[in-house]
Amino acid sequence: MAKSLCKWRRGEVEAHLATLTEITTPPRVACSKCARVASEKGYVCRPISLVSDEENKTKKASDLAAKKAKKS
């Protein structure tokens, strides 16, 4: 992954709107410094969880199933 959302400039946001939509949907973490949200902790520099541990486990399981389906 390239730089975090926290480091994006205004022009980058406008130029990469489709990528931004993928990164932020659904919001599961927020940056504790600037309050930007993302779907995974790697997209922000100081992540704090917005969802419970049970929801995180469900997301990981569905992501794994999606990866297996793509390989098939």
Side-chain angles (χ1 to χ4, degrees):
M1 177 183 325
K3 62 185 172 179
S4 72
L5 289 177
C6 307
K7 307 243 189 252
W8 283 27
R9 294 184 181 190
R10 188 170 294 162
E12 290 175 292
V13 171
E14 294 170 4
H16 303 285
L17 202 51
T19 302
L20 180 66
T21 302
E22 290 178 29
I23 290 171
T24 59
T25 306
R28 297 190 185 280
V29 295
C31 176
S32 61
K33 181 179 178 184
C34 65
R36 287 177 173 87
V37 297
S39 59
E40 297 177 20
K41 66 182 182 179
Y43 291 119
V44 294
C45 60
R46 294 186 185 168
I48 54 174
S49 181
L50 298 175
V51 296
S52 69
D53 287 337
E54 189 62 36
E55 287 175 290
N56 280 332
K57 289 177 187 175
T58 303
K59 181 198 179 294
K60 287 179 183 178
S62 65
D63 287 349
L64 182 59
K67 286 181 183 179
K68 287 182 179 179
K70 282 184 180 179
K71 288 183 179 180
S72 298

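Here the structure is a predicted model, which is why all the values come from computation and not from measurement.
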Which donor-acceptor pairs under 3.5 Å do the side chains of residues 11-27 make with protein atoms, sequence neighbours left out?
| residue | atom | partner | partner atom | Å |
| --- | --- | --- | --- | --- |
| E12 | OE1 | K3 | NZ | 3.1 |
| E12 | OE1 | R9 | N | 2.7 |
| E12 | OE2 | K3 | NZ | 3.0 |
| T21 | OG1 | L17 | O | 3.0 |
| T24 | OG1 | L20 | O | 2.8 |
| T25 | OG1 | T21 | O | 2.8 |

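- Contact detail for V44 and R36: the closest heavy-atom pair is CG1-O, 4.0 Å.
- Taking both residues in full, the closest heavy atoms of I48 and S32 are given as CG2-CB, 4.0 Å, listed atom of the first, atom of the second, then distance.
- Across all non-hydrogen atoms, the minimal contact from C31 to C6 is SG-SG, 3.5 Å.
- Of all heavy-atom pairs spanning Y43 and A38, the tightest one is CB-CB, 3.6 Å.
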